[in-house]
Number of protein chains: 2
Amino acid sequence: MVGRVTIAQVAAEVGVSAMTVSNVLNGRPGASAETRRIVLDAAGRLGYTANPAARSLKNGRSGLVGLITLDLTAQYTLEIIRGVAEELADVELELLINASYHDAEREQDRIRSLSRGQVDGLILVAPVLEPATLDFLRDNRVPCVVIDPRRIDTPLPRVTVDNYEGMRAGVEHLIALGHTRIAFLRGDDELQSSELRFRGYSDALTLAGFQVDERLVRTCSFSYDSGFRTSTALLSENPTAIAAGADLMALGAIDAARAAGLDVPRDLSVLGFDDLPQAGQSFPGLTTVRQPLHDMGLRGARALLSLLDGQSLVTDDIRLATSLVIRGSTGPAADADASTNLSTSASHAAG
Amino acid sequence: MVGRVTIAQVAAEVGVSAMTVSNVLNGRPGASAETRRIVLDAAGRLGYTANPAARSLKNGRSGLVGLITLDLTAQYTLEIIRGVAEELADVELELLINASYHDAEREQDRIRSLSRGQVDGLILVAPVLEPATLDFLRDNRVPCVVIDPRRIDTPLPRVTVDNYEGMRAGVEHLIALGHTRIAFLRGDDELQSSELRFRGYSDALTLAGFQVDERLVRTCSFSYDSGFRTSTALLSENPTAIAAGADLMALGAIDAARAAGLDVPRDLSVLGFDDLPQAGQSFPGLTTVRQPLHDMGLRGARALLSLLDGQSLVTDDIRLATSLVIRGSTGPAADADASTNLSTSASHAAG
DNA sequence: CTGTTAGCGCTTTCAT
DNA sequence: ATGAAAGCGCTAACAG
């Protein structure tokens, strides 16, 4: 429960002052080799460990980093957290994790509560960030980094990904496979990434000389169920491919196709966005635009560490690239006999 | 970064002693309604909040609970954590999460480090718990609760589930559907639950008058990939059903069947164990033995809170029941023409 | 009802 | 190379 042994006890045991013990234990100079040896020995023998509260009170740092996420159970979030944890482990900072569960008020409350000395800095994953919260963070100079902000112009150091380029590359892959009736599952507009991904989709189509068909674009929430339902409805429009704004939707789309008796990718190609662990763990594997979630966590944590060290950041917008991961869920359009050369790479990945 | 306003400042502002401010702010008696009002007003105006480090140093409690889990990214773990977090939120305790990633040494290190005053108590999810660690926890009187221990006789307060009964009920469900060639994916023997689930399987068979066929029992690790591979190999034995020791394995089994051109559940029934969120998010939905993961977290946290309050627990072994969740992945055995009526109810329940 | 004293365990500053 | 004093912010315990 406690490291009940104090510095004073170690000092008494050895017959030196507490100050000397402190110096030795913290590797500060000013102690003979002999004293050093004896002190370390005694400390070890007694099982001394510093009282973090006392230390914290003295030096004003808690050794804790707060992480506030939308949803603790979402895989998306977890891969990010894992990256953060990895980076933090090296510097002996502990992670204090909170979830807001999409509740702006709760988020604000958690941010306020943690910022008051409970933690040294904050990492926010896709936060709502109401103006009042932003003001609070600024006014109190809370070291804070946002990973995957909802708005790209969030006035805080942030880690973002190439949502536009990612989706555009994904849809271009579908176009290269000969698809022309490409539907799009658009995510919640509260996230600017939804808009950006949609623009990637629509630009890819337009630049290839196609028109965006409104009937093929549906708004969908970030879940398997929503993906399943929305796709089921969409199938009546006879798309040959569905590009989804998130893997969970895409997974729902695959099963919707399956439920409708279609074969993926023969009858319908499906593209995701995220590359969650599940994307590789399905049959067929999901072709998807990979967000470097783990890296996002790593980089966000690293940026926070710089802030905590008092260093200024090289840039306030750390932008990471996405990459297209081709698996089995996309293949040549059924009626496309065009791209033979492309079909090798695609159909190979496709199965 | 900090609630830099101290009690002394509030006291000075109002013109009373720090003690009075402390009393008012903590709702202790001994302050006139008037003083109370003025103090609260000033504290609010100045934006005072207690310095947690100082408080912690004074009263010896950090307000933090440590949670050490095997794997931060496993859904299994997360559902538990969500339960823990929910219970803790009510009492203003924060959760400090660590992962050991299956490394016994790291686990020990994390436990030791957190126990030294960093946290008030510990929740361990499926820990390795080497003897030395157990000794440490006992010697230091660390309030500690284990959720889903690897060995059922772990000498600490613990939350366990009915592994044996659960699997037995699941396999009996398969038997009732007319299956006789029921294969079993057995989990890692490091977890006693693997053994218990296997016994549930074998007892169900034996009591129904069947023999356990060694060729139909395979050891498999707790992953989709392992489930896929092991099942692929298993299919050559022509089972009509596969009972898996975990959902991830079962999901792998379904896709292995699919990859082999079999239809689930027409040609092969698949049973899981856990009821992860994914189990309901697949097509067909996975019939599985539900572990009340969220509840396990809730109950574990509640037990820890009792320990922190100095209360003794009613029991050291909080055992929770599993329940069979019938979805679409199980159906009547192909060669069973007996149960026509069952096929309706089963496929109905299954859908 | 309100104030004073003291101390939680540590470390910064200044002496020796 | 070592030690004494003081104080981080808070709150029991006791005084008034």
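Just so it is clear, the values below take in all heavy atoms, side chains as well, and ignore hydrogens, waters and symmetry mates. Fair warning: this is a prediction, and the values are worked out from it, not measured in the lab. Numbers restart at 1 for each chain; the letters A, B, ... are given by sequence-line order, proteins then strands.
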(request) Indicate whether any N or O donor in one side chain lies under 3.5 Å from an N or O acceptor in the other, for A:Arg110 and A:Ser113. (result) yes
(request) Give the rounded distance in Å between these two atoms: CD1 of A:Ile7 and C1' of D:dT2. (result) 14 Å
(request) Round to a whole Å and report the spacing from CG of A:Leu57 to C1' of C:dG7. (result) 12 Å
(message) Rounded to whole Å, please give me the gap between OH in A:Tyr48 and C1' in C:dC10.
(response) 7 Å
(message) OP1 or OP2 of C:dG9 versus the side-chain N and O atoms of A:Thr6: is any pair under 4.0 Å?
(response) no
(message) So B:Thr35, base contact, sugar-phosphate only, or nothing? Heavy-atom distance under 4.0 Å.
(response) sugar-phosphate
(request) Could you tell me the separation between the CD1 atom of B:Ile38 and the P atom of C:dC1, rounded to a whole number of Å? (result) 14 Å
(message) Under 4.0 Å from OP1 or OP2 of C:dT2: is there any side-chain N or O of B:Ser32 that close?
(response) yes
(message) Rounded to whole Å, please give me the gap between CZ in A:Arg61 and P in C:dC10.
(response) 18 Å
(request) Using atom CZ of B:Arg55 as one end and atom C1' of D:dG9 as the other, report the distance to the nearest whole Å. (result) 10 Å
(message) Strictly distance-based, threshold 3.5 Å: is any side-chain N or O of A:Ser32 a donor or acceptor partner for the main-chain N or O of A:Thr35?
(response) yes
(message) Less than 3.5 Å apart, any donor N or O on the side chain of A:Ser193 or A:Asp148 sitting next to an acceptor on the other?
(response) no
(message) What is the separation between atom CZ on A:Arg28 and atom P on D:dT2, rounded to the nearest whole Å?
(response) 14 Å
(request) Return the value, rounded to whole Å, for the distance between atom CG of B:Asn51 and atom C1' of D:dT11. (result) 13 Å
(request) Return no unless some side-chain N or O of A:Asn26 is found under 4.0 Å from OP1 or OP2 of C:dT11. (result) yes
Could you list, one pair per line, each protein nitrogen or oxygen that sits under 3.5 Å from a nitrogen or oxygen of nucleotides 3-7 of chain D, together with the distance?
{"unit_1": "D:dG3", "atom_1": "OP2", "unit_2": "A:Ser17", "atom_2": "N", "d": "2.7"}
{"unit_1": "D:dG3", "atom_1": "OP2", "unit_2": "A:Ser17", "atom_2": "OG", "d": "3.2"}
{"unit_1": "D:dG3", "atom_1": "OP2", "unit_2": "A:Thr20", "atom_2": "OG1", "d": "2.8"}
{"unit_1": "D:dG7", "atom_1": "N2", "unit_2": "A:Lys58", "atom_2": "NZ", "d": "3.2"}

(message) Angle between the end axes of the helix from C:dC1-D:dG16 to C:dT16-D:dA1, five pairs per end, to the nearest 10 degrees?
(response) 40°
(message) Main chain of B:Arg319, side chain of B:Arg299: is a donor-acceptor contact present, judged purely on distance under 3.5 Å?
(response) no
(request) Look only at the side chain of B:Gln192 and the backbone of B:Ile152, and say whether a donor-acceptor pair between them is shorter than 3.5 Å. (result) yes
(message) Using heavy-atom distances to pick each residue's nearest nucleotide on DNA chain C, tell me which of B:Ala31 and A:Ala8 is more 5'.
(response) B:Ala31
(request) Assess the side chains of B:Asp317 and B:Thr315: does a donor N or O sit below 3.5 Å from an acceptor N or O? (result) no
(message) side-chain contact (heavy atoms from CB on, under 4.5 Å), that's the test. Do A:Met296 and A:Val161 meet it? Break it down for me.
(response) CA-CA 8 Å; A:Met296 288 160 71; A:Val161 299; 3.5 Å; yes
(message) As a quick check of understanding, evaluate side-chain contact (heavy atoms from CB on, under 4.5 Å) for A:Glu94 and B:Asn98, giving each step before the final call.
(response) CA-CA 8 Å; A:Glu94 294 292 335; B:Asn98 273 229; 2.9 Å; yes
(message) So if I apply the side-chain contact (heavy atoms from CB on, under 4.5 Å) rule between A:Val65 and each of A:Leu304, A:Leu96, A:Leu305, which one comes out positive?
(response) A:Leu304
